[in-house]
2 protein chains.
Amino acid sequence: MPVPPRPVTIPSLDLLQLRRTCRACALHDLCLPASIGPEELGALDAIVRARRPLDRGQVLFAGGTRFQALYVVRSGSFKTTLAANNGEEQVLGFHLPGEVIGFDALADDVHRCNAEALERSSVCEVPFAQIDEFATRVPGLYHQLMRIASREVVRDHEHLAMMGRKQAQERLAVFLRNLSERYRALHRAPDLIELSMSRHELANYLGLVVETASRLFTRFEEAGVLSVNRKQIRILDFARLDDFAGEPPPSCERAAG
Amino acid sequence: MPVPPRPVTIPSLDLLQLRRTCRACALHDLCLPASIGPEELGALDAIVRARRPLDRGQVLFAGGTRFQALYVVRSGSFKTTLAANNGEEQVLGFHLPGEVIGFDALADDVHRCNAEALERSSVCEVPFAQIDEFATRVPGLYHQLMRIASREVVRDHEHLAMMGRKQAQERLAVFLRNLSERYRALHRAPDLIELSMSRHELANYLGLVVETASRLFTRFEEAGVLSVNRKQIRILDFARLDDFAGEPPPSCERAAG
DNA sequence: CGTGTCGTTGAGGTCGCTCAACACCAGTGG
DNA sequence: CCACTGGTGTTGAGCGACCTCAACGACACG
């Protein structure tokens, strides 16, 4: 094909990525900048660094390595995993754009889990030493950091409740509904889910084996709740999905509590 | 007995409790004061309030209520639980002296879990608005707060890995070894464990039913690993307990990672 | 001594795991 | 073009760990 060689195009694409600011970011109000003034935003831009995109399978950080920065998912998705000493691995979470990962490393300045890209993904790197120093001068930033850390705790608690008390079918239903809600928060179609993780990773997250997860997808499809095509999931019947989940949707939670 | 009536004794005992300072506290270096200077300790004492002791079953805070303070266990023990909408409850953790509870409420200023005393217990109440204001003037205090929140995340991740990938027997073994380590950190005998929670609460924490937990205690006793007398547990063979736990003790963890 | 709670033990059922085979797809090389 | 290969996902058969249901013992309390 008569296309001239373009040796500069790909790096310049990266530079474009690198130049994006917090102010212009679509994730503006989900991320760190939420609740800090517009004049501090510029200073935040000077701290936050965009890293070059990671491909599927590339690790953002590994357990045991020294903690230096928090990361905010900008595009794509990640999984965090905890390795047991017997070689087994537990998937702790899947992370979509706007979510911050790395909080578990603050305890003793060492990453305790692994973070790995599930697809081609980009992150903002937030060097902790600098954000720490910056936060002493910006009232509210520390509070916001702790709020975000607290969200992680809440998320883990819900994950724990799911693992401890729910059956396989309920777990998958809860997961899909949860993912759908997160899609909605990102202004994506909540009924059209593109799974970025493999069945194995998904099953592991749910505390199941692949075969069980696979059978559940089939069962949901036969029940007319989902339409499943490999990693393309479409939710056809939210009400019945809630039934499968075994409890009312989270919107009722406040009222019931 | 010729002892004069003492109507003031019990309240004065409470006052004694109330008067104890962070400086004099035995939990000094496990708690908030760790890593802040001695002169700020006095100011911290002015913020921290001791609450009157709670009896078994009394709730420290309930899910859905407004977040006002973090709590540090001073004596006794607590459980935190998350209620599902179907009436089920998941035990999220057991909390010994020196541990801080309530971090999950920072996300949106509402407690998301319940905290309940497992025995007669006392706590220090740390009003968050005041510690928040104080922390802006004391460098390092916020950092310490985040470190403690991060420890909670690490703890939950380990709990998750246990629930997701381990069998019943391994779960109980891991739990007992973990409890033993925490006893050691509190300078208690690590082989002599006094369980403050019921079998039901323990089983729930492990994602099992009471009967299974009970059978496991019997099995461990028959194997000569434990001596079990209701809530009095003595660990007779740490090495075998580690075998049952299915992986090397946490002291090897750093090296393996 | 009756009552209630808690913990233990037994019998039986079942959900999810194990093991195994197969379908599907992409990439590779003849 | 097709065979071959490896990775991923689905399906089936059988089994076992854990749950369910039920009864009983130990202990505290009135």
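Atoms considered below: every heavy atom in the structure, side chains included; atoms not considered: hydrogens, waters and symmetry mates. It should be emphasised that the depicted structure is a prediction, and the values quoted were computed from it without experimental measurement. Letters go in sequence order (proteins before strands), and every chain restarts at 1.
Looking at B/Arg120 and B/Asp55, a side-chain N of the basic residue comes within less than 4.0 Å of a carboxylate O on the acidic one, giving a salt bridge.
In this structure, B/Asn229 atom CG and C/dT8 atom P are separated by 10 Å, rounded to whole Å. Going from atom CD of B/Gln167 over to atom P of C/dG16 covers 15 Å, rounded to whole Å. Residue B/Arg230 contributes atom CZ, which lies 10 Å from atom C1' of C/dT8 at whole-angstrom precision. Between the C1' atom of C/dT8 and the CG atom of B/Leu172 lies a distance of 15 Å, rounded to the nearest Å. Rounded to whole Å, atom P of D/dA17 lies 17 Å from atom CZ of B/Arg165. Put simply, CD on A/Gln169 is 16 Å from P on C/dT14, counting in whole angstrom units. Going from atom NZ of B/Lys166 over to atom C1' of C/dG16 covers 19 Å, rounded to whole Å. Going from atom CD of A/Glu170 over to atom C1' of C/dC15 covers 12 Å, rounded to whole Å.
Distances shown here put every side-chain N or O of B/Thr218 at or beyond 4.0 Å from the OP1 or OP2 atom of C/dT8. Taking only side-chain nitrogens and oxygens, A/Lys231 comes nearer than 4.0 Å to OP1 or OP2 of D/dG9. For the OP1/OP2 pair of D/dT10 and a distance below 4.0 Å, the side-chain nitrogens and oxygens of A/Ser214 include at least one atom meeting the criterion.
Each of C/dT18, D/dC19, D/dT10 was ranked by its minimum atom distance to the side chain of B/Arg215; first place goes to D/dC19.
With B/Thr218 contributing its side chain and B/Ser214 its backbone, the two residues share a donor-acceptor pair below 3.5 Å.
Residue whose closest nucleotide on DNA chain C sits further toward the 5' end, between A/Arg219 and B/Val228: B/Val228.
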Show me the side-chain donor-acceptor pairs of residues 220-240 of chain B shorter than 3.5 Å, one per line, residues at least two apart or across chains.
| unit_1 | atom_1 | unit_2 | atom_2 | d |
| --- | --- | --- | --- | --- |
| B/Glu221 | OE2 | B/Val228 | N | 3.0 |
| B/Gln232 | NE2 | B/Glu194 | OE1 | 3.2 |
| B/Asp237 | OD1 | B/Ala239 | N | 3.3 |
| B/Asp237 | OD1 | B/Arg240 | N | 3.1 |
| B/Asp237 | OD2 | B/Arg240 | NH1 | 3.4 |
| B/Arg240 | NH2 | B/Ala223 | O | 2.6 |

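Annotation: cation-pi pair B/Arg219/B/Phe244 absent, no NZ/CZ under 6.0 Å from the ring centroid and within 45° of its normal.
Within residues 194-209 of chain A, the residues approached by DNA chain D to less than 4.0 Å at the level of any non-hydrogen atom are A/Ser198, A/Arg199, in residue-number order.
Looking at B/Arg56 and B/Leu118, their side chains come closer than 4.5 Å, going by heavy atoms from C-beta outward.
A/Asp156 and B/His157 form a side-chain donor-acceptor contact under 3.5 Å, judged by distance and modelled atom types alone.
A/Glu211 comes within 4.0 angstrom of a nucleotide base, judged by non-hydrogen atoms across all strands.
Below 30°, between 30° and 60°, or above 60°: for B/His159 and B/Tyr205 the angle between ring planes is below 30°, a parallel geometry.
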